[in-house]
> 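Here you go, one structure.
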There are 2 protein chains.
Amino acid sequence: MKQYISEDAWSIIETDFHRDYNEITESLMSLGNGRFGQRGNFEEQFTGKTMLGNYVAGVYYPDKTRVGWWKNGYPEYFAKVLNAANWIGIDVEIDTETLDLNTCEVREFRRELNMREGYLERSFVATLPSKKEVRVNAKRFCSLADDDAGAIRYSITPLNFDAPITVTPAIDGTIRNRDANYDETFWNEGRKETGYGEAYLELRTRKTDYHVLTGMCVEIEQDGATVDFQSQPVKREKYVASRITLDCRTGQETIIYKYAVVLSSLNVAIDDLMQVAHKTIRRVSQKGFAQLLDEQKQAWADKWQMNDIIIKGDVAAQQGIRFNIFQLNQTYTGEDERLNIGPKGFTGEKYGGSTYWDTEAYCLPFYLATANQNVARNLLIYRYKQLGKAIENGEKLGFTGGAALYPMVTMTGEECHNEWEITFEEIHRNGAIAYAIYDYVRYTSDDAYLSEYGLEVLIAISRFWMQRVNWSAQKAQYVMLGVTGPNEYENNVNNNWYTNYIAAWTLHYTLEAIEIVRQTAPDQYADLTQRIGFGEADETKQAQHIIDNMHYPFDAGRQVFLQQSDFLDKALMPASDIPAAQRPINQRWSWDRILRSCFIKQADVLQGLYFFEDEFDLETLRRNFDFYEPMTVHESSLSPCVHSIQASKLGMADKAYEMYLRTARLDLDDYNNDTEDGLHITSMAGTWLAVVKGFGGMRVSKDGTLSFAPYCPAGWSSLSFKIRFRGALLQITVTQQDVTVQNFSEQPVSLTVLGQPVTVDTNGSVTTAVSVRDVVDA
Amino acid sequence: MKQYISEDAWSIIETDFHRDYNEITESLMSLGNGRFGQRGNFEEQFTGKTMLGNYVAGVYYPDKTRVGWWKNGYPEYFAKVLNAANWIGIDVEIDTETLDLNTCEVREFRRELNMREGYLERSFVATLPSKKEVRVNAKRFCSLADDDAGAIRYSITPLNFDAPITVTPAIDGTIRNRDANYDETFWNEGRKETGYGEAYLELRTRKTDYHVLTGMCVEIEQDGATVDFQSQPVKREKYVASRITLDCRTGQETIIYKYAVVLSSLNVAIDDLMQVAHKTIRRVSQKGFAQLLDEQKQAWADKWQMNDIIIKGDVAAQQGIRFNIFQLNQTYTGEDERLNIGPKGFTGEKYGGSTYWDTEAYCLPFYLATANQNVARNLLIYRYKQLGKAIENGEKLGFTGGAALYPMVTMTGEECHNEWEITFEEIHRNGAIAYAIYDYVRYTSDDAYLSEYGLEVLIAISRFWMQRVNWSAQKAQYVMLGVTGPNEYENNVNNNWYTNYIAAWTLHYTLEAIEIVRQTAPDQYADLTQRIGFGEADETKQAQHIIDNMHYPFDAGRQVFLQQSDFLDKALMPASDIPAAQRPINQRWSWDRILRSCFIKQADVLQGLYFFEDEFDLETLRRNFDFYEPMTVHESSLSPCVHSIQASKLGMADKAYEMYLRTARLDLDDYNNDTEDGLHITSMAGTWLAVVKGFGGMRVSKDGTLSFAPYCPAGWSSLSFKIRFRGALLQITVTQQDVTVQNFSEQPVSLTVLGQPVTVDTNGSVTTAVSVRDVVDA
């Protein structure tokens with residue numbers, strides 16, 4: 001855990017240069033606009049600790065997976081998120097010296113990610129080895145409004161010398177993935193162009209042949225006016241630049257404006273890339289930095305208008321939630337249905353592939369409540385379009401008759417992860433994809449989704465579950481052997497309670513969905529059953545038999561569900577018994593020790609009790625929470641949010657707040673000692689859940705009733721968030737005294753607040769006093 | 001399963017050219033002399049299906065293992081057996097055509113591995129595209145008597161033309177490992193020399209810097225006399241050769257003698273390699289092919305004199321057992337204590353590393369009974385010398401206080417295999433290393449081994465077991481969670497019966513060994529306990545508590561031990577239910593399907609009942625055999641031998657014979673469809689066990705009594721084998737009627753035959769009638 005970032009409601013600020021933490025800060029200060037993004041690297045050369053990172057959405061490399069011992073069923077490749085050409089670089093030579101903060105004395109260093117307006121700014125005074133002093137201010141952003149473009153304003157002021165300064169703005173495609181196994185490169189060079197202060201570089205991915213064209217143009221301002229300059233074009237392998245020498249004198253500010261364009265063959269025909277890049281560069285440079293920045297501020301203001309959560313009285317908590325919302329908005333805008341929410345967004349290379357169950361289990365509710373309904377629908381349709389590949393994946397593993405196993409990690413619907421205990425066994429992901437359909441339909445009442453898309457997916461997943469269980473003669477029940485649950489610190493276990501539950505639940509919901517579709521869209525139902533050869537009588541009968549006879553491991557003594565069979569054979573002990581020096585255990589303990597221990601990486605039984613809360617009473621939740629929470633080490637970023645929600649529900653306000661801070665400030669405070677690899681983007685939606693479903697107590701019941709049972713954590717003077725619900729836009733503000741629901745929509749909205757039915761008129765608000773609520777901690 | 005190899009008592013013979021099976025034949029016809037070896041490749045170029053393979057004992061490459069998802073505790077490298085320079089190559093150009101059996105019509109093809117005399121011979125008539133016909137006869141061997149050397153006699157006779165023939169004997173170091181991940185090379189080039197019909201090539205392994213020098217010289221004979229020739233030296237990267245053009249006429253035989261030397265820096269100082277190579281080549285070429293071959297025949301005659309097993313009346317069985325003995329002798333001679341028995345010997349690249357638990361569990365008894373006692377002792381000392389690294393390995397995984405976990409796979413004592421379910425979990429190997437000490441001491445009565453080396457190893461292994469178990473509050477017993485037993489088709493299971501048993505047994509034997517050493521070598525005992533900080537009172541008390549309270553999964557209904565906890569939740573069915581097209585399942589089924597199934601890769605519970613047979617009565621064995629045998633698919637080469645022994649013991653002669661043929665002819669008949677990767681060398685010791693312990697019923701009781709309860713399988717007229725026992729050399733001959741024990745030693749030997757005490761005088765023999773023995777099949 002590290003705490004060197006200044007607390008601020010709207011910004012992430014580093015006020016001294018923390019060299020050793022630079023890779024962490026680079027992760028934190030990542031920028032993105034849904035299409036491309038980059039880590040918070042320096043523009044000028046830096047020979048210290050840094051991980052240069054630029055990423056383009058949807059562009060990946062199918063890396064070789066035939067390494068070690070091949071298991072039948074492994075995918076053909078492991079998708080690698082590709083480190084793309086770096087467009088931010090501006091090398092600076094002062095007289096004959098290179099500006100490199102690693103070799104300078106640095107003072108007045110400040111780096112700020114301004115989340116309100118969506119830019120990164122950095123300023124410092126550097127004393128070079130020659131004792132020349134220079135002041136630099138750099139500001140840049142990836143444009144949300146013009147999402148092919150980025151812009152940099154880089155200002156240099158000599159403080160104690162007159163000398164020529166040479167700047168070399170570049171597009172550098174020589175970057176390699178740090179996770180390359182043999183330091184191999186994944187890009188081939190394509191076209192290159194350089195001209196007067198301009199440069200273009202096309203790179204092509206090996207094997208997948210994505211073309212990415214990155215271009216730039218440069219303007220220079222001195223004494224408040226644009227100046228002409230001589231530029232010397234530089235072309236090397238996978239590198240283009242313009243070298244520009246400028247006379248500078250003490251106190252004179254030289255400003256380099258660098259406008260960049262990042263285009264890919266996902267969006268532009270390969271033959272047109274260069275031409276479109278030229279045009280875009282024209283457009284962007286004609287707008288100029290100030291106008292682009294104004295557009296950026298406006299675009300972010302619009303986002304915040306819909307998404308902001310305001311916490312009064314607790315800056316750390318406020319900063320945390322805004323950081324999460326900001327990064328989610330930078331990663332995924334919902335505008336391109338081919339894209340999804342990569343777990344590291346544009347902030348690092350770890351976790352190949354773009355789509356995990358995180359999307360359905362954590363991100364969907366965020367987009368459901370904060371964006372146009374189509375955004376969430378697109379996320380579901382993304383999976384619908386990949387159903388054929390999920391069925392192929394099932395066939396590869398030996399399942400038949402249209403049984404779908406969705407991949408654990410994917411770019412295009414194909415599995416691209418190869419650890420057997422995850423690839424083949426972490427099959428609960430299939431359940432989350434079914435659950436997301438339920439979640440979406442419940443939230444939106446869009447029953448038509450079921451007949452158009454949903455039921456087909458549900459039946460295919462149910463067919464998988466029906467084959468994946470087997471009858472245990474010994475137990476006279478169905479069992480599910482050899483799985484990995486959400487808690488990845490257990491592998492290849494039998495009867496993971498969560499997996500067994502979500503499997504049976506899927507079957508149950510599929511039966512319900514069949515009824516709905518049969519009644520509401522009989523023709524579509526007939527078409528579907530014909531098309532997929534659905535043997536209704538047999539298949540539903542079998543499903544019901546499994547629902548009725550599923551084994552759920554249970555400890556009768558403690559009256560808790562068991563995470564898996566034989567869980568009680570472990571030496572049970574609280575995580576607080578682990579010495580601090582041994583945390584996080586995934587960095588300190590051998591894998592076999594972790595597996596044998598009772599310690600839980602992420603909510604597992606509690607995740608199930610969260611999804612299926614209507615099926616369990618509060619005392620059941622409390623017993624299971626009391627049993628599992630102490631053993632949970634939360635070394636998955638997806639864990640604390642669920643614990644926070646459950647603690648809120650149980651009235652354990654202190655625990656809920658502790659878990660909230662942990663999810664909200666997971667990366668800011670580097671809880672798990674891995675922020676340097678990039679941010680935990682998908683878990684940021686979990687943070688939002690901890691606020692809205694946890695403190696806000698938001699629920700939508702099966703019959704479609706929206707309700708809030710909110711409370712304001714101690715120490716906060718108020719909490720305020722907005723949600724969209726079936727065409728309405730509501731703001732909920734919670735203080736220690738009362739709850740106010742404002743209705744910004746064209747229609748009155750009926751809902752439940754603290755158990756009381758309430759109707760809020762158009763543009764009106766209703767305030768309910770917090771009279772009685774148990775807010776006690778265990 | 002394939003059956004194209006001719007049945008022959010002493011040879012492996014292919015009588016037509018089976019192009020599609022060529023890689024299988026190449027494996028079968030591998031040659032080796034304990035120091036280096038090679039697959040049965042062609043001398044001349046061959047563009048068809050082939051896997052060129054040359055291997056040098058002890059030379060490996062520490063390949064990168066940081067691939068995929070790293071687990072804490074993984075080793076730094078995965079050892080790769082290196083494909084070394086090929087010294088057998090003799091390219092042949094006839095006029096302007098290359099002799100390549102892939103482009104010729106081939107008749108009279110014959111390839112024979114002569115096991116009695118230790119050479120490979122091949123002959124054929126090839127019709128080239130030009131219709132030129134040529135007869136070729138090639139004979140070669142790796143010299144057992146002069147184990148730095150190999151020799152080839154390659155004869156070419158034009159059948160219908162007069163024309164120049166160009167031969168290019170070469171040393172080719174451009175070969176790459178087929179299992180290289182990125183087709184990278186593991187060798188750097190060192191010195192090269194070429195001269196008159198001579199050539200030398202030094203290769204150096206990357207990272208490990210082993211130097212391997214391969215040299216050759218060539219002599220040519222025409223019309224029965226050595227001829228002078230012009231040679232043109234060829235030097236390319238990692239390649240040296242001599243190109244020689246000879247005038248040849250119809251019917252004239254040209255013989256090329258190629259003498260080779262293979263030296264490595266393991267045995268010769270790097271600076272001396274070239275000089276020693278020159279000397280060796282002189283020595284070898286002066287001896288000449290005929291003398292070298294005579295030496296070879298004599299060396300093999302000596303081996304067979306000690307090792308041969310004679311089966312009369314069943315050529316397939318005879319061929320099988322000789323093939324196994326031959327390959328074992330080619331792989332490991334016991335002369336170099338740094339070496340061990342690689343699972344593929346010199347026949348392929350699969351399975352990196354040289355030493356597996358196979359050595360202790362399967363090979364040790366073979367060498368105990370067929371070689372000087374020092375050979376077995378050296379195998380134990382090999383592990384003793386690696387104890388420090390085994391303790392380090394334990395520390396890496398979180399064990400403390402001198403607890404040793406021996407590696408699963410090793411070259412030098414370090415773990416070099418990285419699959420968590422094996423590396424971290426297949427810990428039963430530790431037990432086999434303890435068992436081997438017991439096995440050795442029981443066989444030899446060399447109690448001094450315990451005080452010198454054995455006890456230290458036993459205590460270190462016991463310390464591991466004591467930490468590896470945990471107390472289950474639920475069961476009020478010790479459990480062992482998260483292991484992989486010998487049956488690798490189950491991973492990360494709890495309470496593998498075999499592992500739990502061998503763990504408790506190790507503790508028990510360690511306590512016994514402590515008593516023996518304390519009494520027989522009190523000073524050494526005091527030194528040892530001091531040196532390793534052995535807290536006798538506490539540690540032995542804890543050991544006894546674990547012995548007394550270990551959990552052994554058991555099915556009370558069937559009265560069988562359970563392979564692991566929850567085994568009965570599986571859908572149990574016999575392997576005979578699997579359609580033939582789906583066998584072997586490890587090539588047809590996805591890994592998760594295999595894991596979930598009840599099918600057993602190799603003897604697991606039955607392996608335990610084999611090691612610890614004194615602890616269980618025959619009915620227990622029978623119940624467990626009847627339960628597990630039908631579910632066992634024997635897809636490990638180490639499986640059928642144990643089943644054969646157990647079937648013999650149970651009087652199930654048909655099953656014992658079926659399993660014997662399967663182990664003896666596993667590679668010859670390609671049962672598991674993987675012979676092309678190389679031979680299953682270590683399991684060949686298992687074949688020997690199936691004969692000597694199975695049909696021969698040999699046992700050594702705890703008190704040191706040697707006994708035989710042999711029978712002659714139906715259809716055999718006799719079975720005869722030799723064993724060495726405590727200085728004596730005995731031959732046991734079993735017919736359908738009687739058992740004869742001959743004593744070739746200088747001392748009378750007392751033993752038990754068919755339950756009767758017998759004393760056999762020096763150079764005498766005793767025959768016992770087979771009066772009553774149940775030989776019924778289930």
Side-chain angles (χ1 to χ4, degrees), chain A residues 64-69 71-74 78 181-182 184 396-399 417-425 427 468 470-475 477 479-483 490-495 551 555 557 565-566 568-572 585-597, chain B residues 64-69 71-74 78 179 181-182 184 396-399 417-425 427 468 470-475 477 479-483 490-495 551 555 557 565-566 568-572 585-596:
Chain A
K64 195 159 189 165
T65 58
R66 268 198 181 270
V67 167
W69 293 68
K71 312 272 192 206
N72 280 341
Y74 269 177
F78 181 99
N181 288 311
Y182 288 84
E184 68 275 28
K396 214 167 146 184
L397 301 192
F399 298 89
H417 183 95
N418 64 342
E419 287 181 298
W420 63 268
E421 65 275 19
I422 292 179
T423 310
F424 302 152
E425 296 204 336
I427 51 179
R468 188 59 170 72
N470 71 274
W471 181 256
S472 163
Q474 174 176 254
K475 294 195 163 72
Q477 284 181 311
V479 292
M480 188 136 43
L481 306 181
V483 305
E490 302 281 351
N491 290 157
N492 195 42
V493 300
N494 296 332
N495 299 305
H551 174 67
D555 175 13
S565 294
D566 298 334
L568 294 181
D569 278 337
K570 289 174 179 271
L572 302 184
I585 59 173
N586 68 13
Q587 293 177 12
R588 309 275 185 261
W589 285 11
S590 65
W591 185 242
D592 71 304
R593 187 172 177 192
I594 290 174
L595 285 178
R596 279 180 282 130
S597 82
Chain B
K64 197 159 187 168
T65 58
R66 270 199 179 269
V67 167
W69 295 68
K71 313 272 191 206
N72 280 340
Y74 270 178
F78 181 100
D179 67 352
N181 289 311
Y182 288 82
E184 68 275 27
K396 214 167 147 185
L397 301 191
F399 298 90
H417 183 95
N418 65 342
E419 287 181 298
W420 64 267
E421 64 275 19
I422 292 179
T423 310
F424 302 153
E425 297 204 337
I427 51 178
R468 188 57 170 75
N470 71 275
W471 181 257
S472 163
Q474 174 175 253
K475 293 196 163 74
Q477 284 181 311
V479 292
M480 187 136 44
L481 305 181
V483 306
E490 302 281 352
N491 290 157
N492 196 41
V493 300
N494 296 332
N495 299 306
H551 175 67
D555 176 14
S565 293
D566 298 335
L568 294 181
D569 277 338
K570 288 172 178 274
L572 302 184
I585 59 173
N586 69 12
Q587 293 177 14
R588 309 274 185 263
W589 285 11
S590 65
W591 186 242
D592 71 306
R593 186 171 179 192
I594 290 175
L595 285 178
R596 278 181 281 130

> Based on non-hydrogen pairs under 4.5 Å, which of B/Asp566, B/Asp179, B/Asn495 is most in contact with chain A?
B/Asp566
> When only pairs under 4.5 Å are counted, which of B/Arg468, B/Met480, B/His551 shares the most heavy-atom pairs with chain A?
B/Arg468
> What part of A/Asp555 gets closer than 4.5 Å to chain B, counting heavy atoms only: side chain, backbone, both or neither?
neither
> So for A/Arg596, is it side chain, backbone, both, or neither that comes closer than 4.5 Å to the heavy atoms of chain B?
both
> Nearest 0.5 Å please: distance from the CG atom of A/Asp592 over to the CG atom of B/Leu481.
11.0 Å
> Should the ring pair A/Trp420 and B/Trp420 be called parallel, tilted or perpendicular, given that the plane angle runs from 0 to 90° and is split at 30 and 60?
parallel
> Check whether A/Ile427 gets within reach of chain B through its side chain, its backbone, both or neither, counting any heavy atom under 4.5 Å.
neither
> Using non-hydrogen atoms only, which part of A/Lys396 is less than 4.5 Å away from chain B: side chain, backbone, both, or neither?
backbone
> Under a 4.5 Å heavy-atom cut-off, does chain B meet the side chain of A/Glu184, its backbone, both or neither?
side chain
> Against chain A, label B/Glu490 side chain, backbone, both or neither, depending on which of its atoms sit under 4.5 Å from a heavy atom there.
neither
> Would you mind telling me which of B/Gly557, B/Ser472, B/Ala571, B/Gly398 has the largest number of heavy-atom pairs within less than 4.5 Å of chain A?
B/Ser472
> Checking A/Phe424 against B/Leu595 for the side-chain contact (heavy atoms from CB on, under 4.5 Å) test, could you report, in this order, the C-alpha distance in whole Å, the side-chain angles of both residues, the deciding distance, and whether it holds?
CA-CA 10 Å; A/Phe424 302 152; B/Leu595 285 178; over 6 Å; no
> List the steps and the verdict of side-chain contact (heavy atoms from CB on, under 4.5 Å) for A/Leu572 and B/Gln474.
CA-CA 11 Å; A/Leu572 302 184; B/Gln474 174 175 253; over 6 Å; no
> So which part of A/Arg588 gets closer than 4.5 Å to some heavy atom of chain B, the side chain, the backbone, both or neither?
backbone
> Under 3.5 Å, side chain of A/Asn470 to main-chain N/O of B/Lys570, donor-acceptor pair present?
no
> What part of A/Asn492 gets closer than 4.5 Å to chain B, counting heavy atoms only: side chain, backbone, both or neither?
both
> Any chance you could measure A/Trp591, atom CH2, to B/Glu421, atom CD, to the nearest 0.5 Å?
11.5 Å
> For A/Asp569, is it the side chain, the backbone, both or neither that has a heavy atom under 4.5 Å from a heavy atom of chain B?
both
